[in-house]
Number of protein chains: 4
Amino acid sequence: MTSKFSSINPEKQERILNAALKEFALKGYENASTNEIVKSAGISKGLLFHYFKNKKELYLFLYNHFADVMVKEFFNELDLSERDIFERMKTLMILKNKLMAKHPEVFDFMVAASMETAEEVKGILNNTNTELIQASYSRLFENIDMTMFRDGIDIQRTINIIMWTLQGFSNQELEKAKKLNTGHHDFDEAFKEAEVYIDMMKKAFYKSL
Amino acid sequence: MTSKFSSINPEKQERILNAALKEFALKGYENASTNEIVKSAGISKGLLFHYFKNKKELYLFLYNHFADVMVKEFFNELDLSERDIFERMKTLMILKNKLMAKHPEVFDFMVAASMETAEEVKGILNNTNTELIQASYSRLFENIDMTMFRDGIDIQRTINIIMWTLQGFSNQELEKAKKLNTGHHDFDEAFKEAEVYIDMMKKAFYKSL
Amino acid sequence: MTSKFSSINPEKQERILNAALKEFALKGYENASTNEIVKSAGISKGLLFHYFKNKKELYLFLYNHFADVMVKEFFNELDLSERDIFERMKTLMILKNKLMAKHPEVFDFMVAASMETAEEVKGILNNTNTELIQASYSRLFENIDMTMFRDGIDIQRTINIIMWTLQGFSNQELEKAKKLNTGHHDFDEAFKEAEVYIDMMKKAFYKSL
Amino acid sequence: MTSKFSSINPEKQERILNAALKEFALKGYENASTNEIVKSAGISKGLLFHYFKNKKELYLFLYNHFADVMVKEFFNELDLSERDIFERMKTLMILKNKLMAKHPEVFDFMVAASMETAEEVKGILNNTNTELIQASYSRLFENIDMTMFRDGIDIQRTINIIMWTLQGFSNQELEKAKKLNTGHHDFDEAFKEAEVYIDMMKKAFYKSL
DNA sequence: GATGAATGAGTCTTCATTCAT
DNA sequence: CATGAATGAAGACTCATTCAT
């Protein structure tokens, strides 16, 4: 079914994908209008349903497509040879920010999708969702240098604390940015602040030199 | 406009509020049907729009009403005389669980509301949202005993680490529960696990005895 | 669901019923357009679906309604005290012709309905169909005078021959009328011709005087 | 227009014809989907409309084609040298049953076509219809032995009575079979029953020996 | 206050037909 | 010959909102 779509003019593909992405990101699955999508993609009503047999299939295709795109771009740039967990997390946060700045609508869409409540789409999404995310997440903590942690410490749980802390911080910054909704807020300051947290956690969980 | 509603038979008020709560929690703002609401509230179409000039106003009223109810019930039961931050956070988590068990639909609604993507409602909600949440959040960390923390430590940021960690843990447990969707999962075990994290953080951030 | 419809302005009821009747008779179930129905009934799109929850329910209501009307009108006027089978069949044919002249669209609709192939509607229709028709048909042959038939003749099968013959004749005349589609063709002649067949059958199956 | 079609690979012709036959028989004219036809015929959309300028022409071609096929097969096997009307009618009924068993889809299609309500197709069909049927029907009663009938009897009308009776009986059996929708019902019994009617009519209309 | 009939723009989806390749 | 991308009108049905009663 999707082969039809994959084999057409890439420029048109992109137009359709972007139109759908924006509409779904903005309005959610149920409320998004296929009418709006075709209008802003500049194609006819019939054509959309020639490519995707219904709204749901379009949505799922979008989700898989962009999840793929983002995950690939992410791991392409992520340096997994860095074995210090904090360095790794720092580059990870920077990378995430770069991607968000580069494809903000894709991020909006993925976030909206992961919160999607529409019955029709919820189940299927969660499955694909977790597969991808679990596969990806586990890679983030592969091959970490454990020798740096204090002796006797519970490393697995410590990693969790580190992760939750950095996530919490990251979300806080995001919220701030959204509130100001000045397109770009001061990333440098945010990273300095992140370093402070990292230092606090190093002091707490790493062997003291 | 809402004065009309406030001055009617409280039993009918509740019927309407509950009908709307369920419908919005289940289907989200856009997809919720005023038809279903009036049917399950046992009132006429016209009457609903006599009380609330449109769907949006009804939604906002609901949100404010139940946010109020929950926050009040929360702080009613929360013991702010306990000055040890970990004890406070522990009772806070327990309280949250109790409230979720007692009013699951209200929680569903509030969560759904905070994730609401519908344009019409998103903006306004966030405003009200943050006012309440900021007012509430700041109270949670009032009058904490700072003397327990290691000397020279950055207390404000340490509190953040503690909070983010416990939130992260809490969310993880919620996700697990959702995935199993057995009505109730093993809370005792979860609390034991929480204590492990708390002990780790005490060791890291409190003065060693 | 139908109570809504039954309780409105009878003049409007009739407008809707007639509009739907014509559309369904002309185009069949699947091809009939609810758009056309509302347009020719002079009501809004929403209103039709306020009365009938979908096209199918409207169709079924129509069918039951007009089957009822026709059967009632039919048996109201049919004289079941006449015990001679040929006299009875003659009056029956006359009556059928009168009804067809009086409500031609209803007849078109009922005939079309009984031939309806649309899956959605076929099953349900056949049930109601046969109940009504069996109940009606059996009454047509109640209390016939059997003493007129030749001795030793198989009366039940003879009645079948009579019925099939008169039906065959009736259909032939209908076909002729349709082909000429002059609104009215010469009924008198047709009845004289019917009498000829009746006389032939009397000679064949009745005792000779 | 049809010359294009007639001059292509016969195997492909048959594939297209059968695909269309099935679709039209199953869904009726309006509801049949040219999409389904091309899919199940394994040809492209454009090609179908290259052969037949539109859906209607395809339908009409099908109808004429299969009417021809059936009529030819019918008269091929029908023995017109048998001059006794009842023997002729008996073999005719048997033949009809054999053809129905051999080409059920064709019969379904022809029956559905003769009941077709779609405006576009109704008129044209009836014309073609009657030409064929009249030409065929008249042959069925050619060269019948009139000497068997009672003296003074109206032979033309008697033949009608015989025909209508046997048609009526045949339809009744078909209805029964449909109601039971066991693929095959007891034909032997049906033929015995037919013989009973035939004997009754012989007694009534033939010279007594 | 209370009712529910009425509206009509909007929803997704289908379909015969055309035409550039 | 043959393809299948492209069209857009039409399909059934929904829904928040209004208003006469």
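Computed from a predicted structure; not experimentally measured. Chain letters run A, B, ... following the sequence lines, proteins first and then strands; every chain starts at 1.
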Colleague: Just how far, in rounded Å, is P of E/dC12 from CD1 of A/Ile43?
Modeller: 13 Å
Colleague: Can you tell me if A/Asn35 touches the phosphate of E/dG10, counting only side-chain N or O atoms and a distance under 4.0 Å to OP1 or OP2?
Modeller: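 Answer is no, no contact under 4.0 Å.
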Colleague: OP1 or OP2 of F/dG11 sitting under 4.0 Å from any side-chain N/O of C/Ser33?
Modeller: yes
Colleague: Could you check how far NZ of C/Lys4 sits from P of E/dT3, rounded to whole Å?
Modeller: 15 Å
Colleague: Rounding to a whole Å, what distance do you find between C/Glu57:CD and F/dT14:C1'?
Modeller: 16 Å
Colleague: Between A/Asn9 and B/Tyr29, which has a closest nucleotide on DNA chain F that is more 5'?
Modeller: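 Comparing both residues, the 5'-ward one is A/Asn9.
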Colleague: Find every protein N or O atom lying less than 3.5 Å from an N or O atom of nucleotides 17-21 of chain F, and list the pairs.
Modeller:
| residue | atom | partner | partner atom | Å |
| --- | --- | --- | --- | --- |
| F/dT17 | OP2 | B/Lys55 | N | 2.6 |
| F/dT17 | O4 | B/Lys45 | NZ | 2.9 |

Colleague: Given atom OH of B/Tyr59 and atom C1' of F/dA16, what is their separation to the nearest angstrom?
Modeller: 17 Å
Colleague: Given atom CD of C/Gln13 and atom C1' of E/dA5, what is their separation to the nearest angstrom?
Modeller: 13 Å
Colleague: I'd like to know if the side chain of C/Lys55 reaches the main chain of C/Tyr29, judged simply by a donor and an acceptor atom lying under 3.5 Å from each other, with no hydrogens or angles considered.
Modeller: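 Answer holds: yes.
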Colleague: Side-chain contact, heavy-atom cut-off 4.5 Å: A/Leu47 with A/Lys12?
Modeller: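 The answer is yes; the side chains approach within 4.5 Å.
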Colleague: Look at the side-chain N and O atoms of B/His50 and state whether any lies under 4.0 Å from the OP1 or OP2 oxygen of E/dG1.
Modeller: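 Yes, within the criterion.
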Colleague: Select from C/Ala32 and A/Lys12 the residue whose nearest nucleotide in DNA chain F is closer to the 5' end of that strand.
Modeller: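 Here A/Lys12 is the residue nearer the 5' end.
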Colleague: Heavy atoms, side chains only, cut-off 4.5 Å: are A/Phe66 and A/His103 in contact?
Modeller: no
Colleague: Counting only Watson-Crick pairs (N1-N3 plus N6-O4 or O6-N4) and G-U wobbles (N1-O2, O6-N3), all under 3.5 Å, who is the partner of E/dT11?
Modeller: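 Partner of E/dT11: F/dA12.
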Colleague: Please name the nucleotide paired to F/dA20 by Watson-Crick or G-U wobble geometry with both distances under 3.5 Å, or report none.
Modeller: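 E/dT3 - that is the nucleotide pairing with F/dA20, both distances being under 3.5 Å.
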Colleague: Is the closest side-chain heavy-atom distance between B/Leu58 and B/Phe49 below 4.5 Å?
Modeller: no
Colleague: Using the closest heavy atom to pick a nucleotide of DNA chain E for each, name whichever of C/Ile8 or B/Ser44 lands nearer the 5' end.
Modeller: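 Residue closer to the 5' terminus by nearest nucleotide: B/Ser44.
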Colleague: What orientation do C/Phe24 and C/Phe109 show, parallel under 30°, tilted 30 to 60°, or perpendicular over 60°?
Modeller: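 Ring orientation of C/Phe24 relative to C/Phe109: tilted.
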Colleague: Quick one: are C/Ile43 and C/His50 in side-chain contact, heavy atoms under 4.5 Å?
Modeller: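 No, too far: nothing below the 4.5 Å cut-off.
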Colleague: How close or far is atom C1' of E/dA16 from atom OH of D/Tyr51, stated in whole angstroms?
Modeller: 19 Å
Colleague: Starting at NZ of C/Lys39 and ending at P of F/dA10, how long is that distance when rounded to a whole Å?
Modeller: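 That distance rounds to 8 Å.
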Colleague: Taking the side chain as every heavy atom from C-beta outward, state whether D/Leu48 and D/Ile16 have any pair of such atoms under 4.5 Å apart.
Modeller: yes
Colleague: Any side-chain heavy-atom pair from A/Leu17 and A/Phe5 closer than 4.5 angstrom?
Modeller: yes
Colleague: If you assign C/Gly42 and A/Asn31 each to the DNA chain E nucleotide with the nearest heavy atom, which residue ends up on the more 5' nucleotide?
Modeller: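 Between the two, 5'-proximity favours C/Gly42.
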Colleague: Using atom CD1 of A/Ile37 as one end and atom C1' of E/dT11 as the other, report the distance to the nearest whole Å.
Modeller: 12 Å
Colleague: Between E/dA5, F/dA2, F/dA5, spot the one nearest the side chain of D/Leu47, thanks.
Modeller: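 Side chain of D/Leu47 sits closest to F/dA2.
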